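For reference, the structure is listed below as structure tokens.
For clarity, every value in this text was computed on a predicted model and none was experimentally measured. Ligands are counted one by one from 1 in listed order, and the atoms in each one are counted from 1 as well.
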Amino acid sequence: MPIKYSAPSCTDHLARYPLAFLPTPLHPLPRVSAAIGGSDLKVELWIKRDDQTGLAGGGNKTRKLEFLIADALAQGADTVLTVGAVQSNHCRQTAAAAARAGLACHLVLGGAPPAQANGNLLLDRLLGAKTHWTTPDNRLARLAELADELRAAGHRAYSIPYGGSDAVGASGYALALEELRAQCSEVGLEPDLIVIPSSSGGTQAGLVAGRWVLGWDVPILGISVDGEEDHLRGSVAELATKTAAHLGRPRAFSPEEILVCADYLGAGYGVLGELERNAITLLARAEGILIDPVYTGRAFGGLVDLLRRGIDRYAAPRGASLNIVFWHTGGAPALFAYASELTS
Ligand SMILES: *Cc1c(COP(=O)(O)O)cnc(C)c1O
């Protein structure tokens with residue numbers, strides 16, 4: 001499939017290992033827009049389909065992994081290792097990326113192995129990753145220890161951070177913003193706001209750095225999945241600063257310029273509530289699109305609520321309607337691990 005980037009692109013100087021089918025589709029959500037628009041404010045919702053990156057179920061980690069795997073290969077690695085929750089989409093995509101690149105893959109998962117592997121964990125196994133279990137609090141320590149063990153055993157191990165979120169991985173989202181901008185100009189769309197779920201912050205940081213590099217002034221709102229507003233703003237600003245430097249366009253970002261909404265943390269990370277359930281069924285039944293219980297369900301539910309309550313603190317329409325691009329970051333394989341809660 002041809003990759004239609006405007007040449008040159010902002011990551012041309014960085015090594016990239018192609019894993020994704022790009023560009024991912026951008027399309028309108030007419031039925032959902034009609035269902036949620038207020039009487040005085042016309043809302044036009046669009047969706048950017050990074051659930052369709054094509055790598056073993058897709059998702060936002062694929063774009064980060066294009067740069068992380070290239071870096072691992074440049075360093076002569078034969079093994080990658082990373083860390084996540086039991087139902088980590090990042091671990092599943094890392095397992096698939098490693099398979100594609102001919103690398104061994106080790107995953108440190110926080111929690112206890114279920115009697116029957118399902119959802120992303122089942123896919124990790126099918127993709128040939130070796131899983132290592134520890135408590136959620138001990139995950140990062142176990143990752144460092146495992147890297148030492150693998151190196152002591154003679155492997156050339158490349159450690160990928162939680163969520164793939166360092167400057168190397170986040171660069172994938174600077175390139176993604178460039179892709180989105182080209183698509184918007186093709187269809188004549190001027191977004192007033194981009195909305196994404198934000199957790200380890202790498203996706204948002206890459207978009208923020210990309211906006212700076214491209215000189216595009218579109219606001220980028222991260223709906224927090226699991227972190228308090230101040231904490232997430234700080235980590236996105238720090239990582240955006242590192243990413244801009246990595247892209248060769250240094251600039252220091254401050255937490256105050258990062259848009260984060262942390263009103264929808266519910267009962268915590270991965271806990272499915274009414275907000276997520278309603279968002280999942282709304283998009284499924286109005287548009288035939290599957291979002292996920294942990295990230296996109298929470299972020300889309302949050303967006304719907306913000307539109308009802310008033311979203312003017314984040315964006316104002318420049319034309320006749322408020323044009324919003326919701327970034328679908330993937331995650332639907334985790335739906336199967338929530339079967340009993342979704343059907344009750
Ligand atoms: C990891 C993930 C996110 C969050 O991305 P960060 O870069 O960690 O903020 C959002 N959506 C899905 C489906 C994910 O798997």
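- Looking at Ser200 next to ligand 1, an N or O pair under 3.5 Å apart turns up.
- Closest to atom 14 (C) of ligand 1, if we only count protein heavy atoms, is Lys61 NZ, 3.0 Å.
- The shortest N/O to N/O separation between Tyr295 and ligand 1 does not fall below 3.5 Å.
- An N or O contact shorter than 3.5 Å links Gly201 to ligand 1 by distance.
- For Gly59, the closest heavy-atom approach to ligand 1 does not fall below 4.0 Å.
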For this session: Could you give me the CA-CA distance, side-chain angles and deciding distance for Asp305 and Arg298, then say whether salt bridge (charged side-chain N to carboxylate O under 4.0 Å, His left out) is met?
Result: CA-CA 10 Å; Asp305 187 65; Arg298 184 159 288 181; over 6 Å; no
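- At under 3.5 Å, not a single nitrogen or oxygen of Gly163, backbone or side chain, sits near a nitrogen or oxygen of ligand 1.
- Screening His106, Lys61, His90 against Thr82 for a side chain to side chain donor-acceptor pair (under 3.5 Å) leaves a single residue, His90.
- Here atom 5 (O) of ligand 1 lies nearest to Asn60 when heavy atoms of Asn60, Ile291, Leu207 are compared.
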Problem set entry | salt bridge (charged side-chain N to carboxylate O under 4.0 Å, His left out) evaluation trace for Glu66 with Arg63 | CA-CA 5 Å; Glu66 290 199 319; Arg63 291 185 188 269; over 6 Å; no
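- No option in Arg125, Gln93, Arg92 other than Arg92 meets the side chain to side chain donor-acceptor pair (under 3.5 Å) test with Asn120.
- Ring centroid separation for the pair Tyr295 and Trp327 does not come in under the 6.0 Å cut-off.
- The proximity of His90 to ligand 1, defined as any non-hydrogen pair under 4.0 Å, does not occur for either the backbone or the side chain.
- The protein heavy atom nearest to atom 13 (C) of ligand 1 is Gly330 O, 3.1 Å.
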Problem set entry | Test log, rule salt bridge (charged side-chain N to carboxylate O under 4.0 Å, His left out), inputs Lys42 and Glu44 | CA-CA 7 Å; Lys42 186 166 174 286; Glu44 261 200 46; 3.5 Å; yes
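- Proximity to Ser198 (heavy-atom distance under 4.0 Å) selects the following atoms of ligand 1: 9 (O).
- When only interatomic distances are considered, the shortest N/O to N/O separation between Thr203 and ligand 1 falls below 3.5 Å.
- When each of Glu287, Arg49, Gln183 is tested with His27 by the rule side chain to side chain donor-acceptor pair (under 3.5 Å), just one qualifies, namely Arg49.
- Nearest protein neighbour of atom 9 (O) of ligand 1, counting heavy atoms only, is Ser199 N, 2.7 Å.
- Residue, atom and distance of the protein heavy atom nearest to atom 11 (N) of ligand 1 are Thr329 OG1, 2.6 Å.
- The CG atom of Leu150 lies 11.0 Å from the CD atom of Glu145; values are rounded to the nearest 0.5 Å.
- Proximity to Pro197 (heavy-atom distance under 4.0 Å) selects the following atoms of ligand 1: 10 (C), 11 (N).
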Exercise. Yes or no on salt bridge (charged side-chain N to carboxylate O under 4.0 Å, His left out) for Glu257 and Arg251, after CA distance, side-chain angles and deciding distance?
Worked result: CA-CA 13 Å; Glu257 54 188 319; Arg251 176 195 188 288; 2.9 Å; yes
